[in-house]
Amino acid sequence: MAQITLTLPDKSLLEVEPGSTAQQVAEMIGPRLAEDAMAAEVNGEVVDLTIPLEQDATFAVLTFDDPGGQRVYRHSIAHVMADAVLRLFPQAKPTIGPAIEDGFYYDFDVPEPFTEEDLSRIEAQMHHIIDADAPFIRREVSAQQARDLFADNPYKIEMINDLEEEGEQQISLYQHGEFVDLCRGPHLPSTGKMGAFKLLSVAGAYWRGDEANPMLQRIYGTAYPNAQMLEEHLKQVQQALQRDHRKLGRELGLFTFFEEAGAGLVYYHPYGAMLRQIVCDFTVQQHLKRGYQLVRTPHLIKSDIWETSGHAQQGYPMYYTDVGGQSYGIKPMNCPGHILIYNSKTRSYRDLPIRYFELGTVYRHERGGVLHGLMRVRGFTQDDAHIFCTPDQLAGEITGVIRFAQDMLKAFGFEEYSVYLSTRPPKAMGSGEVWERATEALTDALDMTGMEYELKPGEGAFYGPKIDISIKDALGRLWQGPTIQCDFNMPERFDVTYIGEDGQPHRAVMVHRVVLAGIERFLGVLIEHYGGNFPVWLAPVQVKVLPITDRNLEYAHQIVSQLREADFRVEIDEAPATLQAKIRDAELMKIPYMLVVGDREQESGQVAVRSREAGDLGPRPLPDFADLLKKETGPKGANR
RNA sequence: GCCGACGUAGCUCAGAGGUAGAGCAGGUCACUUGUAAUGACCAGGUCGUCCGUUCGAAUCGGACCGUCGGCUCCA
């Protein structure tokens with residue numbers, strides 16, 4: 001019988017017997033590879049190692065190093081977990097259990113929520129299943145057969161019906177031991193191939209993420225091929241916890257939330273307020289450089305305006321106040337205010353583009369359950385701007401905003417980000433032509449800046465397409481960053497126009513855009529990104545002067561005044577403590593520079609410099625240190 | 001909003017149906033110190049709030065407030 005030819009990832013060719021399984025091919029390539037194999041990729045499709053290969057194909061063995069291999073591995077463990085859960089809780093109805101970023105989960109409908117103690121019992125049961133080394137067996141059945149099999153599980157029935165509607169002829173099942181699950185696969189060859197895993201937490205989750213649906217119980221876990229990798233991952237999670245902005249916020253004296261004063265409302269302490277001010281000042285400055293005009297609008301606006309904007313009717317979670325028989329709404333957005341200013345006089349096409357910028361503080365009654373430190377609050381300040389322009393100016397304006405966003409992110413030390421373009425959703429206002437034109441402008445702008453982006457078809461708001469950028473922090477986590485949003489709705493509602501060359505009024509194009517998005521969240525991200533070790537230009541306290549004895553106090557104060565005179569942020573530690581203790585305190589506060597001044601320095605008129613990063617740098621004259629400091633006080637990539 | 005867990009001193013935490021404990025932080029005093037914690041003493045809590053059960057509640061029950069983990073990741 002003729003051999004079939006497999007093309008391996010390195011483009012080399014391998015001749016094998018038809019009907020050889022992927023596992024066998026992996027063994028031919030190398031025993032080590034066969035050992036590590038999780039699944040195979042045949043003609044670009046991830047498949048079970050047990051499938052026989054019948055014709056020429058491209059072929060790759062997937063190990064845990066491949067995202068596809070990871071998914072197969074973790075999803076297989078999710079099956080084992082479901083098996084274990086059913087053994088311990090026979091009345092549980094399994095629903096779905098995918099692999100996710102760092103692990104996997106499985107959702108169950110159970111009469112009683114799982115407890116933390118249940119997790120260890122489930123883990124123990126899982127170990128039994130893994131030890132039994134049961135093979136995963138794939139079967140295909142008709143939709144009706146599948147329905148019969150899962151007759152007592154309405155969730156599986158729903159999924160089977162959906163699959164049938166989507167035109168699937170055959171429904172695939174995977175079985176290991178006694179446990180059968182509806183599953184697309186692929187899976188590991190057998191449960192014995194599983195290494196290290198850990199169940200992490202239980203949480204409620206709605207069926208298909210919709211709160212109209214029943215709430216299921218979700219068990220999260222993570223899994224790695226061996227115990228060392230698992231340990232390593234758990235250690236990284238621990239480290240991430242160390243730089244949690246809520247922890248650092250307390251330790252570094254940045255901010256507090258007061259239970260008695262309201263959830264989601266931030267109180268900035270002196271160091272936090274300083275940090276915030278530095279960020280805000282820089283932001284304002286950068287906007288002015290780019291032709292934005294500062295405006296300022298009230299926090300309170302008559303409710304009539306919120307009727308016009310539509311927020312009131314939509315039940316937007318706003319705060320209202322009634323005084324003197326008049327209803328006011330506290331602004332959840334800055335746009336209506338900016339529109340009022342725009343509409344305060346007739347605008348000519350010659351005036352456009354108009355770019356109004358405001359550090360606008362807004363309040364939104366976010367649901368209790370979603371509040372999260374600085375990342376999700378009820379009162380926050382946006383670096384908000386609205387650009388009013390002609391349709392022709394749109395692409396150019398968007399390009400400008402994208403470049404602006406890039407510069408800003410770079411200045412704050414964010415090197416990596418992902419860009420998304422969201423287009424027209426099924427339910428949208430405005431004509432197809434308007435949408436097309438705007439989407440084209442956004443696409444052109446993205447192309448012009450040469451950024452790579454991901455298309456999210458149908459994910460735009462009903463009132464316009466948008467570009468959003470997620471920023472990646474030092475630990476590789478993604479955060480919502482800049483967004484640029486076209487709006488066809490507000491200009492209609494508020495009748496925003498300009499007089500064109502033809503002397504006729506035209507509808508102006510309106511772009512909402514934020515770069516830092518919310519200052520609060522941005523500070524949260526910044527804190528975690530730097531782990532509290534802010535670069536000199538952002539550090540609330542840049543220098544701490546540490547006099548060794550009382551004899552050196554006066555000299556130390558002279559140093560402080562001179563540095564303050566030069567606009568540095570300096571403090572002095574006058575406590576009657578040892579130098580070691582003072583250094584420790586300053587280090588814990590993550591202050592970039594410490595200046596030790598004792599008798600020696602006083603006599604020679606110098607300061608002994610210690611840096612947060614490099615430790616003792618030795619004595620030098622104060623002006624030398626000031627020069628060194630000045631060199632570090634600018635943000636990277638932005639002129640200041 | 002929903003599911004679960006949690007709430008004890010400024011912070012980190014121990015304790016537990018019979019009237020609250022440690023370390024750090026804070027204050028006082030002594031020490032005047034050379035690159036990550038000097039020592040001694042002192043003070044500090046209506047055990048988140050309210051209502052109930054009980055002879056007695058910080059401990060048990062309920063409600064509320066707040067915090068934490070989740071609520072897109074398709075079989």
Side-chain angles (χ1 to χ4, degrees), chain A residues 71 75 78-79 82 94-101 104-107 110 112-116 118 143 146 150 153 155-164 166 168 171-174 180-185 200-220 241 244 246-247 250-251 253 256-264 317 365-373 459 546-553 575-589 594-601 608-612 614-619:
Chain A
R71 273 197 297 276
H75 181 53
H79 272 231
T95 65
I96 61 166
I100 53 174
E101 177 92 26
F104 60 90
Y105 68 77
Y106 209 115
D107 286 348
V110 275
E112 290 288 318
F114 299 111
T115 64
E116 297 287 327
D118 291 337
F150 293 102
N153 186 325
Y155 305 96
K156 298 285 180 189
I157 298 286
E158 187 179 323
M159 287 187 276
I160 295 163
N161 291 343
D162 286 354
L163 288 169
E164 195 177 33
E166 284 162 25
E168 293 288 327
I171 305 292
S172 60
L173 306 174
Y174 275 81
V180 188
D181 203 356
L182 190 69
C183 186
R184 183 176 50 193
L200 300 171
S201 61
V202 207
Y206 297 103
W207 166 238
R208 299 198 151 164
D210 185 341
E211 54 192 86
N213 288 336
M215 177 153 279
L216 308 172
Q217 292 301 315
R218 174 172 298 179
I219 300 177
Y220 281 98
L241 241 45
D244 187 305
R246 292 164 297 188
K247 176 177 145 76
R250 191 174 51 243
E251 291 173 355
T256 310
F257 293 90
F258 294 103
E259 174 181 351
E260 66 272 31
H365 190 75
E366 301 289 356
R367 304 153 117 206
V370 303
L371 299 176
H372 178 94
E459 301 257 313
L546 311 178
I548 292 181
T549 75
D550 291 350
R551 291 189 301 279
N552 316 118
L553 275 180
T578 58
L579 177 63
Q580 286 96 319
K582 291 181 183 189
I583 287 173
R584 185 181 141 86
D585 286 348
E587 290 280 358
L588 289 175
M589 290 300 283
M594 287 145 268
L595 297 184
V596 176
V597 291
D599 295 338
R600 295 207 293 264
E601 287 72 25
V609 181
R610 179 187 165 96
S611 115
R612 177 181 61 190
D616 192 354
L617 299 180

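In the text below, chain A, chain B and the rest are named by the order of the sequence lines, each starting its count at 1.
The backbone N or O of A:Thr549 lies less than 3.5 Å from a partner atom in the side chain of A:Asn552, making a donor-acceptor pair. Distance alone, capped at 3.5 Å, is enough to place a donor-acceptor pair between the A:His75 side chain and the A:Gly97 backbone. Remark: side-chain polar atoms of A:Lys582 are paired, donor with acceptor, to backbone N or O of A:Pro547 under 3.5 angstrom.
Straight-line distance between the P atoms of B:C13 and B:C6: roughly 14 Å, to the nearest whole Å. Nucleotides B:A57 and B:U49, compared at atom C1', are 15 Å apart to the nearest Å. Rounded to whole Å, the P atom of B:C47 lies 15 Å from the corresponding atom of B:G18. Rounded to whole Å, the separation between the P atoms of B:G7 and B:U12 comes to 13 Å. Comparing the P positions of B:U46 and B:U59 gives an interatomic distance of 15 Å, to the nearest angstrom. With both ends at atom P, the span from B:U67 to B:G48 equals 16 Å, rounded to whole Å. Comparing B:G61 with B:G70, their P atoms sit 27 Å apart, to the nearest whole Å.
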Walk me through it: do A:Leu579 and A:Leu546 pass the test side-chain contact (heavy atoms from CB on, under 4.5 Å)? CA-CA 7 Å; A:Leu579 177 63; A:Leu546 311 178; 4.2 Å; yes
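Using Watson-Crick or G-U wobble geometry with both donor-acceptor distances under 3.5 Å, B:A40 finds its partner in B:U28. Nucleotide B:U72 forms a pair with no other nucleotide shown, judged by Watson-Crick or G-U wobble geometry with both contacts under 3.5 Å. Across all strands shown, B:U49 forms a Watson-Crick or G-U wobble pair, both distances under 3.5 Å, with B:A63. Taking a pair to require two hydrogen-bonding distances under 3.5 Å in either a Watson-Crick or a G-U wobble arrangement, B:C55 pairs with B:G18. Pair assignment for B:G34: none, as no Watson-Crick or G-U wobble contacts are both less than 3.5 Å.
In this structure, A:Arg551 reaches the sugar-phosphate backbone alone: every heavy-atom distance under 4.0 Å involves primed, P, OP1 or OP2 atoms, never a base. If you check every strand for non-hydrogen atoms under 4.0 Å, A:Asp585 touches nothing. Across all strands, A:Ala146 comes closer than 4.0 Å to no nucleic acid atom at all (heavy-atom distances).
Residues A:Asp244 and A:Arg246 are paired through a salt bridge, judged by an N-O separation under 4.0 Å between the basic side chain and the carboxylate. Ion pairing of A:Arg184 with A:Glu168 is absent here, as no side-chain N (NZ or NE/NH1/NH2) approaches a carboxylate O to less than 4.0 Å.
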Protein-proximity profile, nucleotides 70-75 of chain B, B/S/- by nucleotide at the 4.0 Å heavy-atom cutoff, equals BBSBBB
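Look at CD on A:Glu366: it is 14 Å from P on B:G66, rounded to the nearest Å. Atom C1' of nucleotide B:G39 and atom CD of A:Gln580 are separated by 15 Å, given to the nearest angstrom. Straight-line distance from the CG atom of A:Leu579 to the C1' atom of B:U33: 8 Å, rounded to whole Å. Rounded to whole Å, the distance from CG on A:Asp118 to P on B:G4 is 13 Å.
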Short heteroatom pairs, N/O only, protein and nucleotides 7-16 of chain B, under 3.5 Å:
| from | atom 1 | to | atom 2 | distance (Å) |
| --- | --- | --- | --- | --- |
| B:G7 | N2 | A:Glu259 | OE2 | 3.3 |
| B:C11 | O3' | A:Arg250 | NE | 3.3 |
| B:U12 | OP1 | A:Arg250 | NH2 | 3.1 |

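Looking at A:Glu601, its side chain comes within 3.5 Å of the base of B:G34 through a donor and an acceptor atom.
When each of A:Leu371 and A:Ala581 is assigned the nucleotide of RNA chain B with its nearest heavy atom, A:Ala581 is the one assigned upstream, toward the 5' end.
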